[in-house]
2 protein chains.
Amino acid sequence: METRELRYFVAVAEELHFGRAARRLGIAQPPLSRAIQQIERRLGAELLTRTSRSVTLTEAGAVLLREAKAALDAVDAAERRTRRAATGRPGLVLVAKAGASAELLAKLLDAYAAEPGAVPVDVQLSGVAQQERSLRDGRADVALLHRPFDSTSGFDTESLSTEGQVAVLPAGHPLSVRTALSMLEVTEESGLPLPRWPLFDGSYPAGPGPEVRDHAQLLQLIALGRATAVLPESCRSQLRGDLAAVPVPDAPRVTTVIAWPPHSRSRALAGLVRAATRL
Amino acid sequence: METRELRYFVAVAEELHFGRAARRLGIAQPPLSRAIQQIERRLGAELLTRTSRSVTLTEAGAVLLREAKAALDAVDAAERRTRRAATGRPGLVLVAKAGASAELLAKLLDAYAAEPGAVPVDVQLSGVAQQERSLRDGRADVALLHRPFDSTSGFDTESLSTEGQVAVLPAGHPLSVRTALSMLEVTEESGLPLPRWPLFDGSYPAGPGPEVRDHAQLLQLIALGRATAVLPESCRSQLRGDLAAVPVPDAPRVTTVIAWPPHSRSRALAGLVRAATRL
DNA sequence: CCCCGGCGATACTGCCGAGGTATCGGTCGC
DNA sequence: GCGACCGATACCTCGGCAGTATCGCCGGGG
C-alpha cells in the first residue's frame, strides 16, 4: 500500500465526494476513481458504497480511514524527525494548550534550562486538541496534556500535578459571591452556557454555547457575560479584574501530564522529563 | 515520502550494503542507489556515509530507520485491519508468549466466551518479543504482556495480576532443596547460566547462556542441566517432574497486563478487556 | 607496484502506470 | 422529459522506475 493511495483514500473518505476529493488533492477525478478501485481490488474489500448521488463509508472503509490517518501521521513524523535530526541543531519542540498550566510551564522551562546539557526548547502554544496530532506527526517532541480532557493513549506520560477546578464567571454575577458551586449549579443556575471546544478534527459539537479556540478568547467571552466555564484552578493567575472564580468541588480533578511519543530515544527529551518530574 | 522509498531505505539501513539490500528487495542495485539519493536530496540530509568499502548510518539515518519501521508497521496495520474488517467475520486475535500466564489466559478465554456477544478469539502463541510487533502491524488485536520484561509503551493497558518469581532448576540440583534463593545465588552459585532471549529484532545478546525462543525449549534445557532461569510463579503449573522451583523473593515482581493498540474502536475488544479486568 | 575484485554511482534505454481529456450511464429535481 | 450532477470508462500521453552496461574508486594479494 503506497502512501499516495492512503492519501487518496483519506481524501475521498473525508469528503465523501470524488470530485471534491480530487480537487483537494490537485488531480482530476478519473484517476482518483481508478486508484480507489485498485485499492478495493487489492484488499478484496468494498470500502465505499457509491450510488450515483452519494458516497458512504462501509465498515471496512471506516477502519481504513482511521488506520490510514494514523499511518500517514507516522510517515509524516518519520520525514519531519529525520529533517530535524539532520540539521544537527539540538532542540526540543514542546506543545501546550495556550493559556493552560502557564505557571507550571514556566517553572518547567526554568528548571530544565538550569540543567547541564539543556538544549533550546521551542514552545508552541497550540489550540485545544492539536497537541496529540503534533506529537503523532512529528511536529512536536513533547506535550503538556490535561487529563481527563486530553487522551494520553498511545503516548508515554508522567504526571506532574493535580488540581481542582473553578467556575469562571463575570465579576458581579450573582453566583460569584459564593464560596463553592456544584457542577449542576454552574450549568443550570448561572444562566450562562458552557463554551464548545473544537473536536480533534477541528469541527465543533452541536450545542448552545459559543465556539472557542483558546483560553484568551474564552475569558473575553465570559467577561462579556456570554458564557461561563469550569477551568483548572491554575487559570486564576491569568484572570483579569472583570472575572471571578469560584471553586467547584464536584468537578473532576485535572492532572497535568507531560507526554511524548513512545520509543523516543533522545537524551534531551529524557532530561526534560526528568526535570519535569522533579518539579 | 512513499512507502516504497521507506522500504528501500530500511533495507539498505539494515543491510548496510546496497547490493544485498537490492537482492533482498528483489530489484537491481542501481535503482536502489538512485532511490536513496533522491530521498536524501528531498530531505536535504545525508542518511548514509558511503565509502567504496562500507556503508554506515548517519545520526539522521538512524532516526529515519527507527521512524520508517514504525511508519511501515502502521501502514501494514492499516492494510491488515481493513482486510479483516472486510471479511465481516467478527473475531479477535490475541497474542501471548508461549508458556506464559497459561492459567490466566485459560480463565480469561473462558470468562470472555461466557459473555453475551462474545466473538471467537484466535489465540496466537508467539515467541518472546514478537507480541509488540504483532500489535503494531495489525497481526493481532490484543496481547498479554509481562512487565517489566515487555515494554508496554505506545499501547493502552490494564493490569491483570502480579506475581513473584521462582528459580527453575533441574530436580536434584543442590540449590533445589532451599526454600528461597536470592538472585545472586541463582546467578553465582547455581553453576548454571541464564538463557539468552531474542531481542526485538530477533538477534541475541552476547553472553554465556544458551539461546532460547520459548518456554518449552527453555524448560528442556534446564532439565538437561544446561541452564537455569528465573520465571514467574505461574510457570509452576507447567513444570515437569524433572524440574524444581524455588522462590526468589528479591527478583522483580511480574505484572501480567492486557494491552491493545490505542484508538481501537472495537466492541469485541472492549468486551474482552472488561472480562479480563473482572477476573 | 600493478592488477583484480568488490562496491556504489552514472549513463542510457524501455516500459509500466499515473494522470489528463472526453464521454458515458445512471439518478434526482424541476 | 430534460438538464444537471456524479462516478465510471475509454483512450492517450508522458514521467519516472527498473533494467543493463559501464565507470570510478579503493583495498588486498601476488
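This is a predicted model, so every value here is computed, not measured. Labels below follow one simple rule: chain letters A, B, ... track the order of the sequence lines, proteins then strands, and each chain is numbered from 1.
Taking only side-chain atoms of A/Arg4, from C-beta outward, the nucleotide of C/dG20, C/dG19, C/dA9 with the closest atom is C/dG19. Candidate nucleotides C/dA11, D/dG7, D/dA10 were compared by shortest atom distance to the side chain of A/Pro30, and D/dA10 ranks first.
Salt-bridge annotation for A/Arg84 and A/Asp141: present, with a side-chain N of the basic residue lying under 4.0 Å from a carboxylate O of the acidic one. In summary, A/Arg7 and B/Glu2 engage in a salt bridge, as defined by a charged side-chain N under 4.0 Å from a carboxylate O. With salt bridges taken as basic N to acidic carboxylate O contacts below 4.0 Å, one links A/Arg274 and A/Glu115.
To the nearest angstrom, P of D/dG16 lies 15 Å from CD of A/Glu2. In this structure, the CG atom of B/Leu32 is 15 Å from the P atom of D/dT20, given to the nearest Å. Distance CZ (B/Arg42) to P (D/dG16): 11 Å, rounded to an integer number of Å. Summarising the geometry, the separation between CG on B/Leu16 and C1' on C/dC7 is reported as 14 Å, rounded to the nearest angstrom. What separates CD1 of B/Ile27 from P of D/dG16 is a distance of 18 Å, to the nearest Å. Across the protein-nucleic acid pair, B/Arg50 atom CZ and D/dC26 atom P stand 15 Å apart, rounded to whole Å. The CD1-P distance, from B/Ile39 to D/dG16, rounds to 16 Å in whole Å. If you measure from atom CG of A/Leu6 to atom P of C/dA18, you get 14 Å, rounded to the nearest angstrom.
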request  = Show the numbers, then the answer: is there a side chain to side chain contact (heavy atoms under 4.5 Å, CB included) between B/Gln131 and B/Leu135?
outcome  = CA-CA 6 Å; B/Gln131 301 129 286; B/Leu135 228 45; over 6 Å; no
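Position along DNA chain D of the nearest nucleotide to B/Gln38 versus A/His17 favours A/His17 as the more 5'-ward residue. Nearer to the 5' terminus of DNA chain C, by closest-nucleotide assignment, is the contact made by A/Ala35 (compared with the other of A/Thr51 and A/Ala35).
You'll find a donor-acceptor pair under 3.5 Å spanning the side chain of A/Arg53 and the base of D/dC5, going by distance alone. In the interface, the side chain of A/Arg34 is not paired with the base of C/dG17 through any donor and acceptor atom under 3.5 Å apart.
B/Gln37 comes within contact range of the sugar-phosphate backbone alone, with a heavy-atom separation under 4.0 Å but no base atom that close.
For C/dG8, the OP1/OP2 oxygens have no side-chain nitrogen or oxygen of B/Ser33 closer than 4.0 Å.
Cation-pi geometry between A/Arg4 and A/Tyr8 is satisfied (NZ or CZ under 6.0 Å from the ring centre, within 45° of the ring normal).
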